[in-house]
Number of protein chains: 2
Amino acid sequence: MSDITNARGYPIGEMSKRTGVNIETIRYYERINIMPQPDRTAGGNRQYNHEQLKRLSFIKTSRELGFSIDEIRALLEMVDRQDFTCGEVHGLTIGHLASVREKIKGLRKLEKALVGMAAECSQGDLPDCPILETLFEAR
Amino acid sequence: MSDITNARGYPIGEMSKRTGVNIETIRYYERINIMPQPDRTAGGNRQYNHEQLKRLSFIKTSRELGFSIDEIRALLEMVDRQDFTCGEVHGLTIGHLASVREKIKGLRKLEKALVGMAAECSQGDLPDCPILETLFEAR
DNA sequence: GATGCGGTCTGTAGCCACTACAGAAGCAAG
DNA sequence: CTTGCTTCTGTAGTGGCTACAGACCGCATC
């Protein structure tokens with residue numbers, strides 16, 4: 001009886017508050033088919049259920065871990081079809097981990113270069129800057 | 001006399017080869033006003049001079065160091081107006097360095113989380129995966 | 001002078017993952 | 001019934017390019 005309140009489901013703003021995903025982004029996820037089309041009220045407003053809330057949380061968590069939409073799509077498809085193995089999921093994760101490590105490596109190089117450049121700079125008032133000279137160096 | 005050959009300047013393909021910047025990207029840089037409109041041949045093809053080659057190299061190097069187009073625009077404006085001080089340039093560089101370090105920090109966190117998740121996974125053939133469980137965890 | 005071929009031209013659309021509107025309509029409380 | 005917040009659809013913008021299509025340039029060769 002009092003279940004009815006819950007059975008009505010969550011409007012999109014509630015979903016947004018609970019997951020931290022922007023309302024427009026939730027609709028975007030629906031458009032690109034990683035979120036299903038939810039029920040609608042008589043007036044046409046979206047009504048989500050608990051499973052859909054969990055799915056959105058999954059997407060949010062995965063995005064925060066840097067998985068691309070396509071990677072998430074792959075994960076969700078496995079889940080939806082129930083035909084994944086733990087090994088497959090592990091593989092996807094390890095692949096993503098490798099790309100994260102690549103990015104870190106690249107940024108560390110940048111960091112070094114920037115530190116080197118900044119260290120040579122007197123920070124003075126004169127319009128004569130070793131940083132600009134480095135940037136202008138011939139390649 | 002024999003200078004005339006050089007005075008003709010570089011066509012866009014030559015600029016691309018010398019700097020490693022894609023032809024379409026060079027035109028894009030012109031459109032967004034960080035590269036000037038070069039001379040044209042009678043037929044309408046772009047002809048760049050040596051100064052413009054140096055400018056494009058500057059942009060390329062800066063992009064490789066992760067500076068945003070807007071940051072590069074700021075650097076180039078200082079250079080163009082000749083009214084920069086070394087301190088200003090230093091400031092811009094340090095600001096950029098800070099954002100690079102932020103990114104590295106974020107990625108390290110991701111790396112840790114991914115390693116943790118992957119370590120708990122048996123990689124087995126069973127459709128029961130701790131990675132997915134983690135991703136599905138309530139927030 | 002015709003031909004061929006590669007370089008270049010403009011303009012437009014696509015990429016990723018959102019974000020930001022405009023203008024209309026739904027919905028709940030007083 | 002009004003008020004005021006939420007939600008609706010559809011479209012366009014973000015950054016920093018990249019990828020075409022279809023036409024034209026420019027130089028070498030015959």
Side-chain angles (χ1 to χ4, degrees), chain A residues 4-5 8-35 37-48 52-53 56 58-76 96 99-100 103 106 110, chain B residues 4-5 7-35 37-48 52 56 58-76 96 99-100 103 106 110:
Chain A
I4 290 170
T5 337
R8 262 188 214 144
Y10 321 108
I12 198 166
E14 183 70 19
M15 291 284 279
S16 175
K17 261 176 224 148
R18 287 194 187 220
T19 59
V21 178
N22 215 314
I23 289 181
E24 349 257 315
T25 306
I26 298 174
R27 287 196 284 252
Y28 167 72
Y29 286 161
E30 186 182 326
R31 207 160 63 244
I32 63 169
N33 294 315
I34 61 175
M35 280 297 286
Q37 298 194 317
D39 285 349
R40 300 284 184 140
T41 62
N45 284 14
R46 288 172 181 79
Q47 292 285 136
Y48 293 92
Q52 289 159 351
L53 176 61
L56 187 56
F58 179 98
I59 296 170
K60 168 78 169 174
T61 306
S62 304
R63 284 296 296 139
E64 282 174 354
L65 287 168
F67 285 95
S68 74
I69 294 289
D70 271 354
E71 285 168 332
I72 294 171
R73 205 192 298 275
L75 286 170
L76 285 171
H96 176 54
S99 86
V100 168
K103 265 185 215 153
L110 290 196
Chain B
I4 290 170
T5 336
R8 262 188 215 144
Y10 320 108
I12 197 165
E14 182 72 19
M15 291 285 278
S16 176
K17 261 176 224 150
R18 287 195 187 219
T19 59
V21 177
N22 215 314
I23 288 181
E24 349 257 316
T25 305
I26 298 174
R27 286 196 285 251
Y28 167 74
Y29 286 162
E30 185 181 327
R31 207 160 62 245
I32 62 169
N33 292 317
I34 63 175
M35 281 295 288
Q37 297 194 318
D39 285 349
R40 300 282 183 141
T41 63
N45 285 15
R46 289 170 179 79
Q47 291 285 135
Y48 292 93
Q52 289 158 351
L56 186 55
F58 178 98
I59 295 171
K60 169 77 169 173
T61 306
S62 304
R63 284 295 296 139
E64 283 174 353
L65 287 169
F67 285 96
S68 73
I69 294 289
D70 270 355
E71 285 168 331
I72 295 171
R73 205 192 296 276
L75 286 170
L76 284 170
H96 177 54
S99 86
V100 169
K103 266 185 214 154
L110 291 196

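These values consider heavy atoms only, across backbone and side chains, with no hydrogens, waters or symmetry-generated copies. Note on naming: letters A, B, ... go to the chains in the order of the sequence lines (proteins, then strands), and numbering restarts at 1 for each one.
- A close approach under 4.0 Å does not occur between any side-chain nitrogen or oxygen of B:R46 and OP1 or OP2 of C:dT8.
- In this structure, B:R40 and B:K17 both approach DNA chain C, and ranking their closest nucleotides by distance from the 5' end singles out B:K17.
- One interatomic measurement links the two molecules: CD1 of B:I23 to C1' of D:dT18, which rounds to 13 Å at whole-angstrom precision.
- With a 4.5 Å cut-off on side-chain heavy atoms, B:S16 and B:I26 count as touching.
- As rounded to whole Å, 11 Å separates atom C1' of D:dC8 from atom CD of A:E30.
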If the sugar-phosphate is the primed atoms plus P, OP1 and OP2 and the base is the rest, what is the B/S/- string for nucleotides 18-23 of chain C, using protein heavy atoms under 4.0 Å?
BBBB--

Quick one: which protein N/O atoms are closer than 3.5 Å to N/O atoms of nucleotides 23-26 of chain D? Pair and distance per line, please.
unit_1: D:dG26; atom_1: OP1; unit_2: B:T41; atom_2: OG1; d: 2.6
unit_1: D:dG26; atom_1: OP1; unit_2: B:G43; atom_2: N; d: 3.4

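- Put simply, the side chain of A:V21 does not reach to within 4.5 Å of the side chain of A:I59, judged on heavy atoms.
- In terms of the salt bridge (charged side-chain N to carboxylate O under 4.0 Å, His left out) criterion, residue partners of B:R73 (sequence neighbours excluded) are, by chain and number, B:D70.
- Between the CG atom of A:N33 and the P atom of C:dA17 there is a distance of 15 Å, given to the nearest Å.
- Scored by the side chain to side chain contact (heavy atoms under 4.5 Å, CB included) test, B:E30 finds B:Q37, B:P38, B:R40, B:R46, B:Y48 as partners (sequence neighbours excluded).
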B:I69 and B:R63: CA distance, side-chain angles, deciding distance, side chain to side chain contact (heavy atoms under 4.5 Å, CB included) verdict:
CA-CA 8 Å; B:I69 294 289; B:R63 284 295 296 139; 3.9 Å; yes

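- Put simply, the side chain of A:I32 reaches to within 4.5 Å of the side chain of A:Y29, judged on heavy atoms.
- Applying the side chain to side chain contact (heavy atoms under 4.5 Å, CB included) test to B:N22 and every residue at least two apart in sequence or in another chain returns B:E24, B:T25.
- In this structure, the CD atom of A:E71 is 13 Å from the P atom of C:dC16, given to the nearest Å.
- Across the protein-nucleic acid pair, A:K103 atom NZ and C:dC16 atom C1' stand 12 Å apart, rounded to whole Å.
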What does the 5'-to-3' dot-bracket notation of DNA chain D look like when only Watson-Crick and G-U wobble pairs under 3.5 Å count, and pairs to other strands show as |?
||||||||||||||||||||||||||||||

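- Within the 4.5 Å cutoff, no side-chain heavy atoms of A:L56 are placed close to those of A:Q52.
- Judged by distance alone, with hydrogens and angles left aside, the side-chain atoms of B:H96 form no donor-acceptor pair with the main-chain N or O of B:E71 at under 3.5 Å.
- Protein atom CD of A:E14 is 15 Å distant from nucleotide atom C1' of D:dC5, rounded to whole Å.
- When every heavy atom of B:E64 is checked against every heavy atom of A:L110, the shortest pair comes out as O-CD2, 3.0 Å.
- Atom pair A:F67:CZ and C:dA17:C1' shows a separation of 17 Å (rounding to whole Å applied).
- Here B:E14 contributes atom CD and B:Q47 contributes atom CD; the two are 10.5 Å apart, rounded to the nearest 0.5 Å.
- For the OP1/OP2 pair of D:dG16 and a distance below 4.0 Å, the side-chain nitrogens and oxygens of B:R73 include no atom meeting the criterion.
- Protein atom CD of B:Q47 is 12 Å distant from nucleotide atom C1' of C:dG7, rounded to whole Å.
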